[in-house]
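What follows is a single structure, written as structure tokens, with notes after it.
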Protein chains: 2
Amino acid sequence: MKRNRVSIKDISKALGLSNTTISFILNGKAEEMRISAQVTERVLAYVKEVGYTPNYLARGLVTGKTNTIGFIVENIGNPFFSQIASLIEEQAYKGGYKIIYSSTNGQSDKALELIRMFRDRGVDGYIICPTEKLEEEISQLKEENRPVVLFDRFLPAIDSHYIGIDNEQAMYEACKHLVERNRKNIALITTDSRQTQMISRLEGYKRLIKERKLNEYILSIPYENRKERLQSDFEDFIKKYPKLDGICFATNYLAVGGLEVMRNLGLKIPSKIAVVAFDDNEVLRLFQPGITAVEQPLEEMAKLIIDRLLVDLKLGKSAEKTIHKEIPTRLIVRESTGN
Amino acid sequence: MKRNRVSIKDISKALGLSNTTISFILNGKAEEMRISAQVTERVLAYVKEVGYTPNYLARGLVTGKTNTIGFIVENIGNPFFSQIASLIEEQAYKGGYKIIYSSTNGQSDKALELIRMFRDRGVDGYIICPTEKLEEEISQLKEENRPVVLFDRFLPAIDSHYIGIDNEQAMYEACKHLVERNRKNIALITTDSRQTQMISRLEGYKRLIKERKLNEYILSIPYENRKERLQSDFEDFIKKYPKLDGICFATNYLAVGGLEVMRNLGLKIPSKIAVVAFDDNEVLRLFQPGITAVEQPLEEMAKLIIDRLLVDLKLGKSAEKTIHKEIPTRLIVRESTGN
DNA sequence: CTGAAAGCGCTTACAG
DNA sequence: CTGAAAGCGCTTACAG
């Protein structure tokens, strides 16, 4: 299987040099080690000729580095995650790193298992969209000086790097936009999750409602069976509150499912109910009418995440000061909020 | 960094046994090697106590196995790829394998680089959505007995496993559906790509057109600058052929972009032009009117891909007989093709 | 300027 | 039933 692969030993034997010399040259330490230009040249030429490539496993065993980043998302099938994955991959690639990814589907036990698996495989750093109950494991990573960046949501109990958006403000502005479009009875459709990003969005909604002295209408859909529950619970909710004239969906799949329900009910958007969604995507853009949405700056997030991780990776450990960055979002106004 | 990790050596020392014994027990070979139940128990208990986990790098170096599968897609940000990725990951996970993925963005040089990088990292098998010019590299993998499964498209010049859909028939039926809805002037919007799946779709279209003695209208959009080109070229195309009453989009992003253009032009679907898209997704389902689409059986594909790969992985090489499987698709009829 | 040697953490013939 | 030893392919003090 790998017998045909050339190793450093083969090269040193063929050229009558030592492994050390070959290794130094291969790692660009020729000058530093003051190896003669001729030798260097001869080795490089031979390496090229036989098409040698290093065995990263062996290198990793010695150096403890694999140039791999473990990337843990909730579900790679969700467009938010797949798009940011695509951008992160691109950025990581530029920095010489590869990505191993896996999805937790929101389950803590799966997440825990993944972190451990990644560790056993010697990934150099972690990008994690955390589930609940990961505090201990992530603290441990930090203690072991393994760089970690959380994104999308964070764990309040522990001090670690976090890149996300300003969820509270984003939702506040989304709802404010509805008020400005003369909506008085604004509902928030959210999940029952205790994740920080969802809580912040809820708070943004509440702040606006309180500030404007409006009535609060909140529907919380359990993550389990979310598809069916969204159908039934949301329909009941709408029927229960016929006065509703504005709706904010707190995350992408709620908007997609909710819009379908609204269409089936024959609710006119925006004349009867104005709609704002969180997390822009093609569905919202092409929906008729186009749906006003909070856009997350994916590219910027991806860049910040990788930059932060690369710095720590170079340091060989997490920076003393953890960063906690909440990027502002942009509200893309479309027809669903009238004019 | 890893000093604090327990190794087999630590265990054998602590327990007064040899590395061999520990290794055998850890690898479930205790019975086979007739190691006493007491010793086994003692070791297992200790391993649990200290929380030992094996170093996969070291294991990989010796065994040549890493339990990792390299997954090469065109672009993980494309919903087709992200969804199948999600399913493949799930299936692979069940079989004890992890996925490393990366995107080629359709570039052969990137694809080549990725395959080599994966090889250097010792992945056990490959799932590849190939670009052009990969024949040599993939043949080489096969020679080295590294299992490979191609998907979505294949390379006619080489004999390797392939899982895909029956593109020719799928497109034939999509167009036939338009004919049955009394459309006479049916266009195909496709890409200039020479990829097998696109060629087959083109052939399916041509077969139908020929069979029904209709006029051929084909617009081919270059992959480069596809967004802009779709806008301009498609608009010109529609204006040039005012008689068009049916359109087939040959792949997902063409449909999404094309529908937007059609909307901006105020073209009525389906009264003026009926539309069929290839590769179903939420955008098509929620578009107004709902867009009739060819659905790819993603779950089935994912399962076939992984099953095939796991068999070969167990064999330690590609099976003698390569399989070339084209799964039938399903046409989901919605309002965009009238009734 | 270059090399001999130890060691990363594991597996596996071989030996008893 | 269990162990000593070699080896996977690399890096890196240490020595000269």
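Order of the sequence lines fixes the chain letters, A, B, ..., with proteins taken first and strands second; residue numbering starts at 1 for each chain. Note that this is a predicted model, so its numbers are computed, not measured.
Identified under the ring pair (Phe, Tyr, Trp, His ring centres under 6.0 Å) test for residues 94-134 of chain B, with sequence neighbours left out: A/Tyr101-B/Tyr101.
The stretch residues 14-29 of chain B touches DNA chain D through B/Gly16, B/Leu17, B/Ser18, B/Thr20, B/Thr21, each having a heavy atom within less than 4.0 Å of the strand.
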Intra- and interstrand pairs of DNA chain C - dot-bracket, Watson-Crick/G-U under 3.5 Å, | marks other strand: |||.||||||||.|||
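Nucleotides C/dC1 and D/dT12, compared at atom P, are 22 Å apart to the nearest Å. The C1' atoms of C/dT11 and D/dT2 are separated by 16 Å, rounded to the nearest whole Å.
Sequence order on DNA chain D of the closest nucleotides to B/Met33 and B/Ala58 puts B/Met33 first from the 5' end.
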Under 3.5 Å, side-chain donor or acceptor atoms of residues 303-311 of chain B against the rest of the protein: list the pairs with distances, not counting sequence neighbours.
{"residue": "B/Lys303", "atom": "NZ", "partner": "B/Asp307", "partner atom": "OD2", "Å": "3.1"}
{"residue": "B/Arg308", "atom": "NH2", "partner": "B/Asp312", "partner atom": "OD1", "Å": "3.0"}

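Summarising the geometry, the separation between CZ on B/Arg59 and C1' on C/dG9 is reported as 11 Å, rounded to the nearest angstrom. Rounded to whole Å, the distance from NZ on A/Lys65 to P on C/dC8 is 17 Å. As rounded to whole Å, 13 Å separates atom C1' of C/dT11 from atom CD1 of B/Ile35. Distance NZ (B/Lys13) to P (C/dC10): 13 Å, rounded to an integer number of Å. B/Lys9 places its NZ atom 9 Å from the C1' atom of C/dC8, with the value rounded to the nearest Å. Atom CZ in A/Arg42 sits roughly 12 Å away from atom C1' in C/dT2 (whole-Å rounding). In this structure, the CG atom of B/Asn55 is 13 Å from the C1' atom of D/dC8, given to the nearest Å. If you take CG of B/Asp10 and C1' of C/dC10, they are 13 Å apart, rounded to a whole angstrom.
Considering only residues two or more places apart in sequence or on other chains, A/Gln140 meets the side chain to side chain contact (heavy atoms under 4.5 Å, CB included) condition with A/Arg119, A/Glu144. Partners of B/Glu132 by side chain to side chain contact (heavy atoms under 4.5 Å, CB included), not counting sequence neighbours, listed by chain and number: B/Ser108, B/Arg194.
Taking the six-membered ring for Trp and thresholds of 30 and 60 degrees, A/Phe71 and A/Phe151 have nearly parallel ring planes, at less than 30 degrees apart.
Salt-bridge formation is detected for the pair B/Arg116/B/Glu137: a Lys NZ or Arg NE/NH1/NH2 atom is positioned less than 4.0 Å from an Asp or Glu carboxylate oxygen. A salt bridge links A/Arg153 to A/Glu74: at least one charged side-chain nitrogen sits closer than 4.0 Å to a carboxylate oxygen. Taking 4.0 Å as the cut-off between side-chain N and carboxylate O, A/Lys133 and A/Asp109 do not count as a salt-bridged pair.
Within the 4.5 Å cutoff, no side-chain heavy atoms of A/Leu26 are placed close to those of A/Ser23.
Proximity of A/Ser36 to the phosphate of C/dT2: a side-chain N or O atom is located under 4.0 Å from OP1 or OP2. Taking side-chain N and O atoms only, A/Tyr56 has no distance below 4.0 Å to OP1 or OP2 of D/dC8.
Of all nucleotides listed (D/dC10, D/dT12, C/dT12), D/dC10 comes nearest to the side chain of A/Val62.
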